[in-house]
Amino acid sequence: MAARSQYEELARQLSAVGAVKRGLVRILPSECPGGTAGVLTLLAKYGEMRITRLAELLAVNMSVTSRHVTHAVESGWVERFPDPADKRSRILRLTPAGEELLDELTRRTTEMFAHNLIDWSDEEVGQLNTLLSRLRDSFSCRGSGGCTPGKHSGGCRAGHADDVHTRTPV
């Protein structure tokens with residue numbers, strides 16, 4: 001286990017990550033807020049799904065997810081259709097317009113990182129990606145009531161890092 005001072009420094013460094021996140025939000029088109037971009041990203045990654053699954057993946061409650069989905073549907077980026085297995089439920093699907101917008105968001109995000117990390121090597125960017133993925137996995141697994149090392153409960157996806165990776169870091 002690392003020394004307490006290391007965790008204190010980590011907390012300071014992660015607070016500074018807010019500047020990176022604000023930079024990502026600034027490059028989004030005004031008509032596509034971050035939550036909506038997250039919806040598009042997850043639908044592209046995982047394909048069609050119910051809103052309950054989307055809320056799980058976004059790690060936000062259903063009312064927040066519903067607002068993001070409604071905006072995406074009204075904008076023509078996502079469509080809802082009846083679930084063949086349960087006609088009371090709806091399945092969400094990315095539309096061609098949503099795929100096109102997501103391609104643009106990915107381009108903008110990639111250009112922003114390429115510009116700001118121009119003096120980083122491929123190896124350094126890869127190390128950062130690996131460590132951030134590991135950090136995210138540790139929190140998703142060991143958060144309040146989550147898994148403990150070596151004992152993964154049904155909801156824990158430890159060891160399945162690609163389950164949370166998305167096309168854009170928004």
Side-chain angles (χ1 to χ4, degrees), residues 17-18 20-115 125-126 128-147 151-170:
V17 170
V20 175
K21 289 185 75 169
R22 287 186 297 278
L24 287 169
V25 169
R26 281 192 294 272
I27 66 168
L28 293 175
S30 61
E31 69 274 8
C32 184
T36 303
V39 166
L40 301 179
T41 298
L42 291 171
L43 287 172
K45 169 82 177 154
Y46 296 106
E48 302 172 356
M49 69 181 77
R50 289 182 178 181
I51 194 168
T52 52
R53 175 67 177 139
L54 184 60
E56 290 172 10
L57 291 169
L58 288 169
V60 297
N61 66 41
M62 282 294 293
S63 65
V64 172
T65 303
S66 181
R67 280 195 307 271
H68 296 316
V69 167
T70 297
H71 178 73
V73 168
E74 289 173 352
S75 299
W77 303 321
V78 170
E79 62 183 345
R80 294 182 184 126
F81 61 96
D83 183 344
D86 179 359
K87 298 292 184 197
R88 297 168 297 170
S89 296
R90 299 280 178 250
I91 299 290
L92 305 173
R93 175 187 326 164
L94 201 58
T95 65
E99 291 175 5
E100 189 176 307
L101 175 61
L102 189 55
D103 288 344
E104 173 63 15
L105 298 178
T106 300
R107 184 192 62 74
R108 288 180 183 207
T109 301
T110 301
E111 287 177 2
M112 185 199 78
F113 278 115
H115 174 75
V125 174
L128 179 61
N129 287 332
T130 299
L131 292 171
L132 287 174
S133 178
R134 184 175 173 194
L135 177 66
R136 183 179 50 241
D137 289 347
S138 292
F139 271 79
S140 67
C141 187
R142 296 185 189 109
S144 61
C147 303
K151 296 181 181 179
H152 306 303
S153 66
C156 181
R157 303 290 301 176
H160 294 78
D162 65 329
D163 287 348
V164 292
H165 293 207
T166 55
R167 278 178 37 189
T168 64
V170 176

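- Between Ser89 and Ile51, the closest side-chain pair of non-hydrogen atoms is not below 4.5 Å.
- Of the candidates Glu99, Lys45, Glu100, Leu94 forms a side-chain contact (heavy atoms from CB on, under 4.5 Å) with just one, namely Glu99.
- Panel note: side chain Thr109, backbone Leu105; a donor-acceptor pair is recorded below 3.5 Å.
- Between Gly76 and Ala97, the shortest heavy-atom distance links the atoms O-CB, 3.6 Å.
- The heavy-atom pair separating Pro82 from Lys87 by the smallest distance is CB-CD, 4.5 Å.
- Taking the side-chain hydrogen bond (donor to acceptor under 3.5 Å, both in side chains) definition, one finds that Arg93 meets it with Glu48, Glu79, sequence neighbours left out.
- A distance of 12.5 Å separates CD of Glu104 from CG of Leu40, quoted to the nearest 0.5 Å.
- Note that the CG atom of Leu131 and the CG atom of Leu135 stand 8.5 Å from one another [nearest 0.5 Å].
- Between Leu28 and Arg108 the shortest heavy-atom distance is C-NH1, 3.7 Å.
- Legend: residues meeting salt bridge (Lys or Arg N to Asp or Glu O under 4.0 Å) with Arg88, ordered by chain and number and at least two apart, are Asp86.
- Residues Ile91 and Met49 form no side-chain contact, since every pair of their non-hydrogen atoms from C-beta on lies 4.5 Å or further apart.
- With Ser133 contributing its side chain and Asn129 its backbone, the two residues share no donor-acceptor pair below 3.5 Å.
- The shortest non-hydrogen separation linking Met62 to Ala55 is SD-CB, 3.7 Å.
- The side-chain contact (heavy atoms from CB on, under 4.5 Å) search around Ala59 returns none, not counting sequence neighbours.
- Rounded to the nearest 0.5 angstrom, Glu111 CD and Ile27 CD1 are separated by 8.5 Å.
- For the salt bridge (Lys or Arg N to Asp or Glu O under 4.0 Å) test, residues two or more places apart in sequence or in another chain that qualify with Glu56 are Arg53.
- Applying the side-chain hydrogen bond (donor to acceptor under 3.5 Å, both in side chains) rule to Arg26 yields no partners; only residues at least two apart in sequence or on another chain are considered.
- Checked against side-chain hydrogen bond (donor to acceptor under 3.5 Å, both in side chains), Thr70 has the following partners two or more places apart in sequence or in another chain: Arg80.
- Distance CG/Leu101 to OG/Ser75: 8.5 Å, rounded to 0.5 Å.
- Residues passing the side-chain contact (heavy atoms from CB on, under 4.5 Å) test with Ser63, sequence neighbours excluded: Asn61, Arg67.
- The shortest non-hydrogen separation linking Leu102 to Ala44 is CD2-CB, 3.2 Å.
- Sorted by first then second residue, the ring pair (Phe, Tyr, Trp, His ring centres under 6.0 Å) pairs that include residues 73-105, not counting sequence neighbours, are His71-Trp77.
- From Leu58, atom CG reaches atom OG1 of Thr65 across 5.0 Å, with rounding to the nearest 0.5 Å.
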